[in-house]
Amino acid sequence: MPYNFNAIDKKWQDFWADHETFKADNQSDKPKYYVLDMFPYPSGAGLHVGHPLGYIASDIYSRYKRNKGFNVLHPMGYDAFGLPAEQYAIQTGQHPAVTTDANITRYKEQMDLMGLSFDWSREVKTCDPSYYKWTQWAFTKMFEHYYDREANQAKPISELEAAFSTQGSSAAALADGTEELSFTADEWKSFDENQRERVLQNYRIAYLDDVPVNWCPALGTVLANDEVKDGLSERGGHPVEQKIMRQWCLRVSSYAQRLLDGLDDLDWSDSLKEMQKNWIGRSEGAQLSFQVKDKDFGFEIFTTRPDTIFGVSFMVLAPESDYVAQVTTTEQKSEVDAYLAATKLRSQKDRQMDVKTVSGAFTGAYCIHPFTGKEIPVWVGDYVLGGYGTGAIMAVPAHDSRDHAFAKYFNLPIIPVVQGEGTDRVQEESYDAKSGKMINSDFLDGKKVKDAIKTMIFKIAEQGIGAKQVNYRLRDAIFSRQRYWGEPFPVYYKDGRPQMLDVSELPLELPDVDKFLPTETGEPPLGRASHWQTKEGLPFELSTMPGFAGSSAYFLRYMDPHNNEALVSKEANEYWKSVDLYVGGTEHATGHLIYSRFWNKFLFDLGYVCEEEPFKKLLNQGMIQGRSNFVYRLKSDRNKYVSAALKGQHDTQELHVDVNIVSNDILDVEAFRAWRPEFKDAEFILEKNSDGKEVYVCGHAVEKMSKSKFNVVNPDLIAEKYGADTLRCYEMFLGPVEQSKPWNTNGIEGVYRFLVKLWNLYHNDDRFEVSEDKATPEELKVLHTVLKKAAQDIESFSFNTTVSAFMIATNDLQKLKCNKREILTPLAIALSPFAPHTAEELWSLLGHQESIAYAQWPEHNETFLVESNFNYPVSFNGKMRFLLELPVDFSKEEIEKAVLAHEDSQKWIEGKSIKKVIIVPKKIVNIVVG
RNA sequence: GCCGCAGUGGUGAAAUUGGUAGACACGCUAGACUUAGGAUCUAGUGCCUUUGGCGUGGGGGUUCAAGUCCCUCCUGCGGCACCA
């Protein structure tokens, strides 16, 4: 029994735990490095082989950095509030805290089995009151601040109040607000507290507002936009409808520009940056007002194409727009009302599903064109959204496809104002491109589109009818959830006015309830905690915070997890600064990664943290999908199952079968009978495989790994069968970390063989045996090649090729029968990030007392890597190439002679030497000199 | 529809970033040792009409040299989606 991985794994996992090997200190002479994984939601299913992909990658990097002499912070914790535990609680009555704790225990066990080098002394749980104290605290700070557009940062709301009492509402000109209000300083002073609060709510960063929300009746709660996919809830896939509700909101939109600008300096993948840019959705254009005919007001529209203003042939209002009621004429009222009623019936999902149907109604009103003075009809149409821009548009059917469809449907004029390739067909198809020259446009005629946009913005401003305007798609975050298992708001109400608890009164702990369902009167579950109120008997807010609340600042808490006086102390924050490497999946691109950047920027504005961006580098690990297996049950005989190749001859029903009783798609029929009572008498129609044996072959498909599909492969089982190091190396060997791929165990033997081979190289029967002889140049070359490759590849997160490099080195050393200490010592250190248990064992067998985790990373030496095929002196400072014509059958000597004779070679080679000679066909030789 | 990414053997994938395509591993074939092999070891393995020719989704281009750069088309994946 040479390579007893189970014993080795256990020995070193215990050793690391006992010695707190990976505990990071907040003070050190070493440079710091902060490696963070996105912390998991501890689900009941436990970890499957897909989860550790990112954990292993970050662990390899952490271990590498420790060996490189860094003080590494590598913590782990749990995003412990969430829907599944609560849904489970509703079904079983089991308190979510109990299930969550049980799941956490299981998660920790599994992570330890993989030898992950976390500093567990810093573990956080978002559901822990000592943790959510600081989530609540940040919320109260957001309530007490507003966004100052001039200073471009959050400022105390008290400053705004002071300004109101001297300047009235004009003080709010540069504050980001929900709606415009008008009052004088004296009026402000005469306001009572309720009136003042109503004003202030428009400016607070955490504020209450009546907003259209995604209401999910099945879950009994509202959901954020990123929690809704295709009109269905992301969790559970329940239908979602639109509803107006009074909710806590966070003014994330104030930070839109900073969230966008901040991306430039981040080392994130282009695709992820692109996703965030899309989500923020900046668009530049102009806002201008169109006067309504025979009325004393006009309405504001937003357009990115002010240049096409001479092509406007109608206006469209969103059905939700307040203007609709104001402008609709008596003759058109019944038609418009009917249309509005019909639109209301269409659910959010319907509107998304069928974007092609054109619908609308004429209001009877007209606008006056600001430049031509012509009358323009005003319509209502549901393709214009209430929540974006001003909820009203100028329609230019010749140059906007949606306007074009509307114009065609209602037979409205299409006036081309841009000439370009294809504009002659503008009656049939709109020309949306921002290129070409202006026509039919008075003073813009002949200008290029881009110039015309500039000119027009200038003109609009000059005439006082509008100005340049930037709009963002990013909306404020709705922060209330009508659920139990989340952070309680540190808020109570006095005469309906929200009041914040002081930090000394935090945390406000989640009260117990008898059931986890809404009350009979439809209040959230917290309404059942009847005695839950302040000392004065005032009621608390009954909603809880959403999932992203607890995950928005956890990376800061790890820096100083036991501090009861602050989220993070100044010293700890200034030492660790921000996350150097953040590893996680793309699924958080528009949720967590936006909210936590916002949250961090807010704390930065208040001076609580020293870095504006929390995550410097981001590595997106791919998803590991499951490979499901199926059996085919006859519809005629529900006890009979037909093999995959023969299923065409029968009418069958496809059933998922546990992949753990299937090997290479061949079903273990006895295990199947034993799997579930309903299958105990199962009969099979078998097929012949290539060996002529009768077997049951299963169907297969790549799907998401999930319990219900029976395709979950547990990392524990793999670790038990092959050892943690094989699991770690194999997950890396599968391919680039960033790539998604289906799990299959087919190649794991190869990786396992590599570790055994390496082990056996330094073992004679059961005895560890190393030679003290000096290594040969050949052996040194093998070693230094792998040292160089490993360092380079780890730095560039190319872990699959690093594993290959170790395999090559092992094979080479085996051929050389090399078991020398001089080789093994550095090799073990370089291998330790990938196979820490094996490396640590070898390290101790080599006689070291201290853990390999802090051994110094061996630097490679280039002199051992010289190409020995050519006997040239070599240097490694860059490379140069030049061309040389040679006779067909040249020798190496001739090459050298020719090189030296070449007229260019003198100045090229001067002071340098030939590094590499590459011979390619067609009598051409490339000489690389350095 | 718009934006981004990718396409290489039977399979997972490499390729010093423009320099001998297919490293490494799985699988497969043959052999050795074995009572046995789902153990271990050795050799072979891109394709073909094999003294040679062809090959990185298709077509074209730049270059002494292209998987890599440019144009174009096809296919797949991801994101956004009536955002004016």
Side-chain angles (χ1 to χ4, degrees), chain A residues 229-230 269-283 285-287 301-306 308 315-316 318 351-352 354-359 381-396 399-403 405-406 432 471-475 586-587 589-590 620 622-623 663-664 690 729-730 733-736 738-754 756-757 760 788-789 792-793 798 800-811 814 879 881-885 916-928:
Chain A
K229 292 260 138 71
D230 300 325
S269 72
D270 290 341
S271 67
L272 206 108
K273 284 189 186 181
E274 203 57 40
M275 271 190 235
Q276 290 218 338
K277 278 181 195 161
N278 263 329
W279 192 259
I280 296 166
R282 181 191 155 99
S283 72
Q287 187 158 324
I301 62 103
F302 173 74
T303 179
T304 54
R305 295 295 301 275
T308 60
M315 312 290 288
V316 188
R351 258 172 99 162
Q352 275 184 0
D354 119 81
V355 293
K356 282 185 190 111
T357 311
V358 177
S359 69
D382 72 355
Y383 80 97
V384 176
L385 304 174
Y388 183 78
T390 61
I393 62 150
M394 62 177 215
V396 186
H399 305 294
D400 182 288
S401 55
R402 296 150 304 178
D403 297 345
F406 197 85
D432 297 15
N471 264 335
Y472 301 92
R473 208 192 68 108
L474 184 71
R475 310 290 161 86
T586 356
E587 66 271 22
T590 53
N620 286 122
M623 276 233 291
S663 161
N664 288 328
S690 51
C729 291
Y730 182 60
F733 185 72
L734 269 176
E738 300 91 331
Q739 213 163 81
S740 289
K741 53 228 155 190
W743 174 261
N744 75 73
T745 326
N746 289 346
I748 199 164
E749 297 280 346
V751 176
Y752 175 69
R753 273 199 279 266
F754 142 66
V756 172
K757 231 182 257 179
N760 288 341
K788 182 180 182 179
K789 181 90 176 140
Q792 269 175 3
D793 286 358
S798 174
N800 54 333
T801 53
T802 324
V803 177
S804 293
F806 282 116
M807 290 182 176
I808 295 167
T810 307
N811 286 342
Q814 194 187 36
K879 70 177 190 182
R881 308 186 312 250
F882 66 99
L883 227 70
L884 207 61
E885 293 286 333
K916 202 173 174 186
V917 179
I918 301 159
I919 304 161
V920 292
K922 295 181 192 167
K923 294 194 279 182
I924 289 153
V925 172
N926 294 290
I927 312 290
V928 182

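Every chain is numbered from 1, with letters handed out A, B, ... down the list of sequences.
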[X] side chain near [N] phosphate (N/O to OP1/OP2, under 4.0 Å):
X        : N     : result
A:Arg473 : B:A84 : no
A:Asn800 : B:A14 : yes
A:Arg753 : B:A39 : no
A:Gln739 : B:A13 : yes
A:Tyr383 : B:A84 : no
A:Ser740 : B:G78 : no

Nearest of [options] to any side-chain atom of [X]?
X        : options             : answer
A:Pro736 : B:A84, B:A23, B:A13 : B:A13
A:Tyr388 : B:A84, B:A23, B:A25 : B:A84
A:Glu274 : B:G4, B:A84, B:C82  : B:G4
A:Thr801 : B:C41, B:A13, B:A14 : B:A14
A:Asp400 : B:A84, B:C82, B:C41 : B:A84
A:Asn811 : B:C41, B:C24, B:A84 : B:C24
A:Thr303 : B:A84, B:G79, B:C24 : B:A84

Taking atom [atom1] of [X] and atom [atom2] of [Y], what is their separation to the nearest 0.5 Å?
X        : Y        : atom1 : atom2 : answer
A:Arg753 : A:Asn811 : CZ    : CG    : 11.0 Å
A:Tyr383 : A:Ser359 : OH    : OG    : 10.5 Å
A:Thr308 : A:Met394 : OG1   : CE    : 4.0 Å

| field | Upstream residue (5' side of RNA chain B) when A:Ile748 and A:Met275 are each assigned their closest nucleotide | value |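 Going by which nucleotide is closer to the 5' end, it is A:Ile748.
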
Start at the 5' end of RNA chain B and walk down; is the nucleotide closest to A:Ile393 or to A:Gly750 reached first?
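Counting from the 5' end, the first nearest nucleotide belongs to A:Gly750.
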
To the nearest Å, how far apart are [X] [atom1] and [N] [atom2]?
X        : N     : atom1 : atom2 : result
A:Met315 : B:A84 : CE    : P     : 16 Å
A:Asn746 : B:G12 : CG    : C1'   : 9 Å
A:Asn620 : B:G79 : CG    : P     : 13 Å
A:Asn278 : B:C2  : CG    : P     : 14 Å
A:Asp270 : B:G79 : CG    : P     : 17 Å
A:Leu734 : B:G12 : CG    : P     : 11 Å
A:Asp793 : B:C24 : CG    : C1'   : 12 Å
A:Ile280 : B:C3  : CD1   : P     : 19 Å

Quote, to the nearest angstrom, the [atom1] distance that separates [N] from [M].
N     : M     : atom1 : value
B:C3  : B:C54 : C1'   : 38 Å
B:G22 : B:U8  : C1'   : 8 Å
B:G1  : B:U17 : P     : 39 Å
B:C64 : B:U16 : P     : 23 Å
B:G10 : B:G18 : C1'   : 31 Å
B:A23 : B:G44 : P     : 12 Å
B:C77 : B:G27 : C1'   : 27 Å
B:A25 : B:U72 : C1'   : 37 Å

N-glycosidic conformation, B:G9 - syn within 90 degrees of 0, else anti: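 The base of B:G9 is oriented syn (glycosidic angle within 90° of 0).
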
Exercise. Which way is the base of B:U8 turned, syn or anti, if we draw the line at 90° from 0?
Worked result: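 For B:U8, whose glycosidic angle is more than 90° from 0, the conformation is anti.
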
**OP:** Indicate, with a heavy-atom threshold strictly under 4.0 Å, whether A:Arg475 touches base, sugar-phosphate, or nothing.
**Re:**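 It contacts base atoms.
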
Would A:Phe302 and A:Ser283 count as a side chain to side chain contact (heavy atoms under 4.5 Å, CB included) here? Give the steps. CA-CA 10 Å; A:Phe302 173 74; A:Ser283 72; 3.7 Å; yes

Using modelled atom types and a 3.5 Å cut-off, is there a donor and acceptor pairing between side-chain atoms of A:Asn471 and backbone atoms of A:Tyr388?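 Such a contact is absent between A:Asn471 side chain and A:Tyr388 backbone.
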
**Prompt:** Any sub-3.5 Å donor-acceptor pair from A:Lys741's side-chain atoms to A:Pro736's backbone N or O?
**Reply:**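 Present.
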
Open item on the list: Please evaluate residues A:Thr586 and A:Met623 with respect to the criterion side chain to side chain contact (heavy atoms under 4.5 Å, CB included), reporting the C-alpha separation (whole Å), side-chain torsions for both, the decisive distance (0.1 Å), and the verdict.
Closed with: CA-CA 9 Å; A:Thr586 356; A:Met623 276 233 291; over 6 Å; no

Closest approach of A:Gly381 and A:Val316, non-hydrogen atoms and distance?
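Between these two residues, the closest heavy atoms are N-CG1, 3.5 Å.
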
Pairs under 3.5 Å (Watson-Crick or G-U), crossing ones as [ ], inter-strand ones as |: RNA chain B comes out as (((((((..(((......[....)))((((((.......))))))(((...)))..(((((..]....))))))))))))....

Side chain to side chain contact (heavy atoms under 4.5 Å, CB included) evaluation trace for A:Phe733 with A:Ile748 = CA-CA 9 Å; A:Phe733 185 72; A:Ile748 199 164; over 6 Å; no

Check your understanding: A:Val396 and A:Thr303: side chain to side chain contact (heavy atoms under 4.5 Å, CB included), yes or no, with the steps?
Key -> CA-CA 10 Å; A:Val396 186; A:Thr303 179; over 6 Å; no

